[in-house]
Amino acid sequence: MATLEIRDLHVTVEADNATKEILKGVDLTVKQGETHAIMGPNGSGKSTLAYSLAGHPKYTITGGTVTLDGEDVLDMAVDERARAGLFLAMQYPVEVPGVSVSNFLRTSATAIRGEAPKLRTWVKEVKEAMERLNMDSSFAERNVNEGFSGGEKKRHEILQLELLKPKVAILDETDSGLDVDALRIVSEGVNRVRETGEVGTLLITHYTRILRYIKPDFVHVFSGGRIVESGGAELADKLENEGYEAYTKGGVSA
Ligand SMILES: Nc1ncnc2c1ncn2[C@@H]1O[C@H](COP(=O)(O)OP(=O)(O)OP(=O)(O)O)[C@@H](O)[C@H]1O
Ligand SMILES: [Mg+2]
């Protein structure tokens, strides 16, 4: 079983000619087959963690390690991370003008599987996955993220997740901007890949409402650039009732 191990991760970002430390020692282990939720107040560094794992150039790793199956992730180029089995869905995904969803998915699958999927089975695979997500087939011909509504972006993310079958998936704010039906469809998608037992999921979210559909094995509270408490699914209920105040008092959070 593959394991993503984050140890004492420190990350800075350049802003207004100053260097600001955002991540202050993140420790987290996600194993294939496990579902983790990270919850925490605005600005606590959750997306920074996702971007840092994705290898975004704005974020400088100043300390700590990240390994997948013992391999140094931080040493890998962005596409190598995907090939190694890491999937990252961003809070604000980029547009890819001139590249259709269908081509994008096939190129990604080719890179990850090491060979181009056979066209006939691939078309069928994509069609079935899109039907499961209630996506219209015309969607496959649209340019990636161009003019996508919030819900469409999220469905596209889950479509990638189901087709690319990563070892570990990091989903940032998959529930933001989703109406109730879309939330259910996305949650079911996450649950389907979960049931394979082959995907470890790290779900970054503010809302416990998505956790009504996806029952995490572990919940982590993120505050002030690190994980300050970890527990089971019951911790999410406690956060829903009590908020983050207990963790942010005294200016711990950013
Ligand atoms: N590229 C950047 N340039 C400048 N500041 C940044 C950058 N990225 C993150 N920060 C700062 O780092 C802090 C953490 O931001 P981050 O987006 O990681 O928080 P978050 O926990 O994801 O918040 P939210 O819940 O609102 O999504 C914020 O103060 C933010 O302004
Ligand atoms: Mg964020």
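Keep in mind that the numbers below use all heavy atoms, side chains included, and drop hydrogens, waters and symmetry copies. Both ligands and their constituent atoms are indexed starting at 1 by order of listing.
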Residue portion contacting ligand 1 (non-hydrogen atoms closer than 4.0 Å) for Tyr59: side chain
Per-residue contact class, Val13 against ligand 1 - non-hydrogen pairs under 4.0 Å: side chain
Ring centroid separation Tyr247 to Phe222 under 6.0 Å: no
Backbone or side chain, does any N or O of [X] fall under 3.5 Å from an N or O of ligand 1?
| X | answer |
| --- | --- |
| Gly43 | yes |
| Glu14 | no |
| Gly45 | yes |
| Lys58 | no |

Counting from 1, what ligand 1 atoms have a heavy atom of [X] closer than 4.0 Å?
| X | result |
| --- | --- |
| Thr48 | 9 (C), 14 (C), 15 (O), 16 (P), 18 (O) |
| Lys46 | 18 (O), 19 (O), 20 (P), 21 (O), 22 (O), 23 (O), 24 (P), 25 (O) |
| Ala15 | 4 (C) |
| Lys20 | 29 (O) |
| Ser47 | 17 (O), 18 (O), 20 (P), 22 (O), 27 (O) |

Close approach, Gly225 and ligand 1, non-hydrogen under 4.0 angstrom: no
Within-shell test, Tyr51 vs ligand 1, heavy atom, strictly < 4.0 Å: no
Any sub-3.5 Å donor-acceptor pair from [X]'s side-chain atoms to [Y]'s backbone N or O?
| X | Y | value |
| --- | --- | --- |
| Glu242 | Leu239 | no |
| Gln32 | Ala2 | yes |
| Asn191 | Tyr213 | yes |

Rounded distance [0.5 Å steps], [atom1] in [X] versus [atom2] in [Y]:
| X | Y | atom1 | atom2 | answer |
| --- | --- | --- | --- | --- |
| Met1 | Glu198 | CE | CD | 6.5 Å |
| Thr48 | Asp172 | OG1 | CG | 9.5 Å |
| Leu133 | Lys154 | CG | NZ | 13.5 Å |
| Leu202 | Lys46 | CG | NZ | 12.0 Å |

Test applied, side-chain contact (heavy atoms from CB on, under 4.5 Å); reference residue, Met39; option that passes from Ile204, Val221, Thr205, Leu203: Thr205
Atom NZ of Lys165: over 12 foreign heavy atoms under 6.0 Å: yes
The Mg ion (ligand 2) contact by Thr48, N, O or S atom under 2.8 Å: no
Nearest option to atom 12 (O) of ligand 1, as decided by whichever heavy atom of Leu23, Leu49, Ile22 sits closest: Ile22
